**Q** 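Dropping the structure in here first, questions after.
Bear in mind that the values here come from a model prediction, so they are computed numbers and not experimental data.
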Amino acid sequence: METPDRGTCAEPAFRLNGSACATEHHQSMDMGNQHPSITRLQEIQKEVKSIEQQVISFSGLSSDKNYKKLERFLTKQLFEIDSVDTEGKEDIQQARKRAAQETERLLKELEQNANHPHRIEIQNIFNEAQALVREKIVPFYSGGSCITDDIKEGIQDIILRLTHVKTGGKISLRKARYYTLTKICAVQEIVEDCVKKQPSLPLSEDAHPSVAKINSVMCEVNKARGVVVALLMGVDSSETCRHLSCVFSGLTANLDALDVCGHTEIRNYRREVVEDINKLLKYLDLEKEADTTHAFDLRQNHSILKIEKVLKRMREIKNEFLQVQNPPELYLSSKTELQGLIGQLDEVSLEKNPCIREARRRAVIEVQTLITHIDLKEALEKRKQFACEEHPSHQAVWDVLGSLSEIQGEVLSFDGNRADKNYIRLEELLTKQLLALDAVDLQGEERCKAARKQAVKLAQNILSYLDLKSDEWEY
């Protein structure tokens, strides 16, 4: 009885396997029956697809080697597509047309990435940085003039301008901005680190025979700072990162070979020089990291996520406050929570990233503007409750403050750009309030003069906030 059971159980499995084989054979026949031209077009499209992400994220210029490489590859594929024989068949003609359109789209995107106005803006700023390094910073490490405050301010100004370059969310622009900022921030760190160090050698050579060797290495390291800066900024073609990395490794090996046992002070001195070398080695890795890192995309950055969380809560408080007609009961609670949000922003790690610093600065302004609006609304409410006789000039200033409160509420709700009609209207309203304040006759009243000064400052701050909200900056 067992044998028939086993046979009965095995039979469905055999039939299933036979059915699967038949289906697979049928698909294979279909593939075999596909026209060779269609097959060739699919192969070309697969090759084009393989470099799509490289094109989308290309952050260089049209003069770069990688640009020319990608351009040659795509152009070659266009020729390959064009050489496919359609034999007058409509389905093959359509397939060839689609393959050509996709390849042409990538070629166009490559060209747009390399020639985007904001990419050119990034390059122009970088060119200014190169000139500053070539003329002012590299000579310093060669024994020239000292690093002045003007040079440090020049570097900081370049960093700020790069931070404010708009990317519109394009991966290529984000990558170009991040890569350029990273190099210039590295130069800033090297310069500031050198300025902080004492010009004289920290230990006398009489203390121990090893001190002279450590001093010699330290002198080499100090000279190498200028070479690293020149390499980062592309102003020195006589040196390479690989060679300089080998030089640093050799200097570290020389330091490691010194016998400084039992001499804590000398051992600490050696450790400081080794740390300096390791810092410079880290800067040499920036070139390689730029091609592999996704740090330019800050959307998942921990600090940015904390800032976004604060802004989300701020907007909830703002919407609740602006929707209530008479919100006296919300004044204290709203301001208390908003002050807490300012504290959270103060704790955000900047990670030495200017874009995170700028994102935090803007978030602080957002929260502070809402606090100012609540303060003004509260002051206006109290003024209604305790109305009394006052100087006409003071009354005129308060009238303007009442108008500014209404305008500020609109500005807080504004969500557009500078081309919007509403932006132009709000800008004109604020300008009118400034003119109204300028027309107030103070009649020598110091109290009125101080009140008008505060009102003018408020109107200017609202104007600045309107500009900030409409400049379309993003990290």
Side-chain angles (χ1 to χ4, degrees), residues 59-61 63-66 123 126-147 151-152 154-155 158-159 162 175-176 178-199 201-202 210-258 269-293 295-296 352:
S59 60
L61 301 168
S63 57
D64 293 353
K65 288 181 180 178
N66 200 32
Q123 187 60 32
F126 183 68
N127 290 343
E128 289 182 39
Q130 282 184 312
L132 180 65
V133 165
R134 187 184 298 109
E135 296 167 14
K136 304 289 185 180
I137 298 177
V138 171
F140 164 73
Y141 291 102
S142 302
S145 57
C146 63
I147 298 291
I151 294 173
K152 289 187 281 185
I155 297 172
I158 285 168
I159 290 172
L162 273 172
K175 192 173 179 181
Y178 172 81
Y179 184 31
T180 308
L181 270 171
T182 301
K183 290 195 286 187
I184 298 175
C185 285
V187 171
Q188 185 183 49
E189 283 183 22
I190 293 170
V191 169
E192 289 179 351
D193 188 52
C194 186
V195 170
K196 288 176 189 174
K197 289 185 178 294
Q198 296 296 324
L201 297 175
S210 297
V211 173
K213 294 179 180 178
I214 299 173
N215 286 346
S216 174
V217 171
M218 191 176 76
C219 289
E220 292 296 319
V221 171
N222 285 336
K223 290 177 185 176
R225 293 180 200 277
V227 181
V228 171
V229 167
L231 266 175
L232 285 172
M233 299 302 294
V235 299
D236 182 8
S237 57
S238 63
E239 186 60 270
T240 65
C241 289
R242 180 178 294 181
H243 176 257
L244 197 56
S245 180
C246 291
V247 170
F248 285 145
S249 297
L251 292 175
T252 302
N254 291 340
L255 290 172
D256 288 341
L258 296 176
Y269 175 29
R270 182 180 68 176
R271 188 185 70 248
E272 288 176 14
V273 178
V274 170
E275 286 174 356
D276 284 348
I277 293 172
N278 290 336
K279 281 183 185 177
L280 294 176
L281 278 168
K282 180 190 71 175
Y283 297 131
L284 294 179
D285 289 336
L286 290 177
E287 193 88 25
K288 183 168 59 179
E289 288 175 6
D291 294 328
T292 57
T293 184
F296 63 86
K352 295 183 179 180

**Q** I need the minimum non-hydrogen distance between Val138 and Gly226, along with the two atoms involved.
**A**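 Minimum heavy-atom contact is CG2-O, 4.2 Å.
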**Q** Asn127: which residues meet the side chain to side chain contact (heavy atoms under 4.5 Å, CB included) condition with it, sequence neighbours left out?
**A**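 In terms of side chain to side chain contact (heavy atoms under 4.5 Å, CB included), with neighbours along the sequence ignored, Asn127 is linked to Gln123, Asn124, Gln130.
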**Q** Would you mind writing out the side-chain donor-acceptor pairs for residues 245-255 within the sub-3.5 Å range, not counting sequence neighbours?
**A**
{"from": "Ser249", "atom 1": "OG", "to": "Ser245", "atom 2": "O", "distance (Å)": "3.0"}
{"from": "Thr252", "atom 1": "OG1", "to": "Phe248", "atom 2": "O", "distance (Å)": "3.0"}
{"from": "Asn254", "atom 1": "ND2", "to": "Gly250", "atom 2": "O", "distance (Å)": "3.4"}

**Q** Taking the side chain as every heavy atom from C-beta outward, state whether Val229 and Tyr283 have any atom pair closer than 4.5 Å.
**A**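 Side chain of Val229 against side chain of Tyr283, heavy atoms only: no contact under 4.5 Å found.
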**Q** Rounded to the nearest 0.5 Å, what separation is found between the CZ atom of Arg225 and the CG atom of Asp276?
**A**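 Between Arg225 CZ and Asp276 CG, I get 4.5 Å after rounding to 0.5 Å.
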**Q** Can you name the closest pair of heavy atoms from Ala186 and Leu232 and give their distance?
**A**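 Scanning both residues, the minimum pair turns out to be CB-CD1, 3.8 Å.
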**Q** For the residue pair Glu239 and Leu244, what are the closest heavy atoms and their distance?
**A**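 For Glu239 and Leu244, the tightest heavy-atom pair comes out as OE1-N, 3.9 Å.
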**Q** Can you list everything that forms a salt bridge (Lys or Arg N to Asp or Glu O under 4.0 Å) with Lys279? Sequence neighbours excluded, please.
**A**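 Lys279 satisfies salt bridge (Lys or Arg N to Asp or Glu O under 4.0 Å) with Asp193 only.
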**Q** Looking at Cys219, is its backbone amide N or carbonyl O close enough to the side chain of Asn222 to form a donor-acceptor pair, meaning the two atoms are under 3.5 Å apart?
**A**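 A pair under 3.5 Å: no.
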**Q** Can you sort out the partners of Glu128 under salt bridge (Lys or Arg N to Asp or Glu O under 4.0 Å), two or more places apart, ordered by chain and number?
**A**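 Glu128: salt bridge (Lys or Arg N to Asp or Glu O under 4.0 Å) contacts with Arg161.
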**Q** Using the test salt bridge (Lys or Arg N to Asp or Glu O under 4.0 Å), find all partners of Arg271 that sit at least two apart in sequence or belong to another chain.
**A**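 With neighbours one apart ignored, the set is Glu275.
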**Q** Please name all residues satisfying side chain to side chain contact (heavy atoms under 4.5 Å, CB included) with Thr240, sequence neighbours left out, ordered by chain then number.
**A**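 For Thr240, the residues satisfying side chain to side chain contact (heavy atoms under 4.5 Å, CB included) (neighbours in sequence not counted) are Arg242, His243.
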**Q** Who are the side chain to side chain contact (heavy atoms under 4.5 Å, CB included) partners of Thr180, not counting sequence neighbours?
**A**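 With neighbours one apart ignored, the set is Ile122, Phe126, Leu162, Ile184.
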**Q** Rounded at 0.5 Å granularity, tell me how far SG in Cys185 sits from CD1 in Ile190.
**A**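 Cys185 atom SG to Ile190 atom CD1 measures 11.5 Å (nearest 0.5 Å).
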**Q** Do you know which two heavy atoms are closest between Arg270 and Leu258, and how far apart they sit?
**A**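 Where Arg270 meets Leu258 most closely, the heavy atoms are NH1-O, 3.0 Å.
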**Q** Please report the shortest heavy-atom distance between Ile151 and Leu132, naming the atom on each side.
**A**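 Heavy atoms of Ile151 and Leu132 come nearest at O-CD2, 4.1 Å.
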**Q** Can you tell me how far apart CD1 (Ile159) and CD (Gln188) are? Round to the nearest 0.5 Å.
**A**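 Separation between the atoms: 3.5 Å.
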**Q** List in chain and number order the residues that pass side chain to side chain donor-acceptor pair (under 3.5 Å) with Glu220, two or more places apart in sequence or in another chain; answer none if no residue qualifies.
**A**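 In terms of side chain to side chain donor-acceptor pair (under 3.5 Å), with neighbours along the sequence ignored, Glu220 is linked to no residue.
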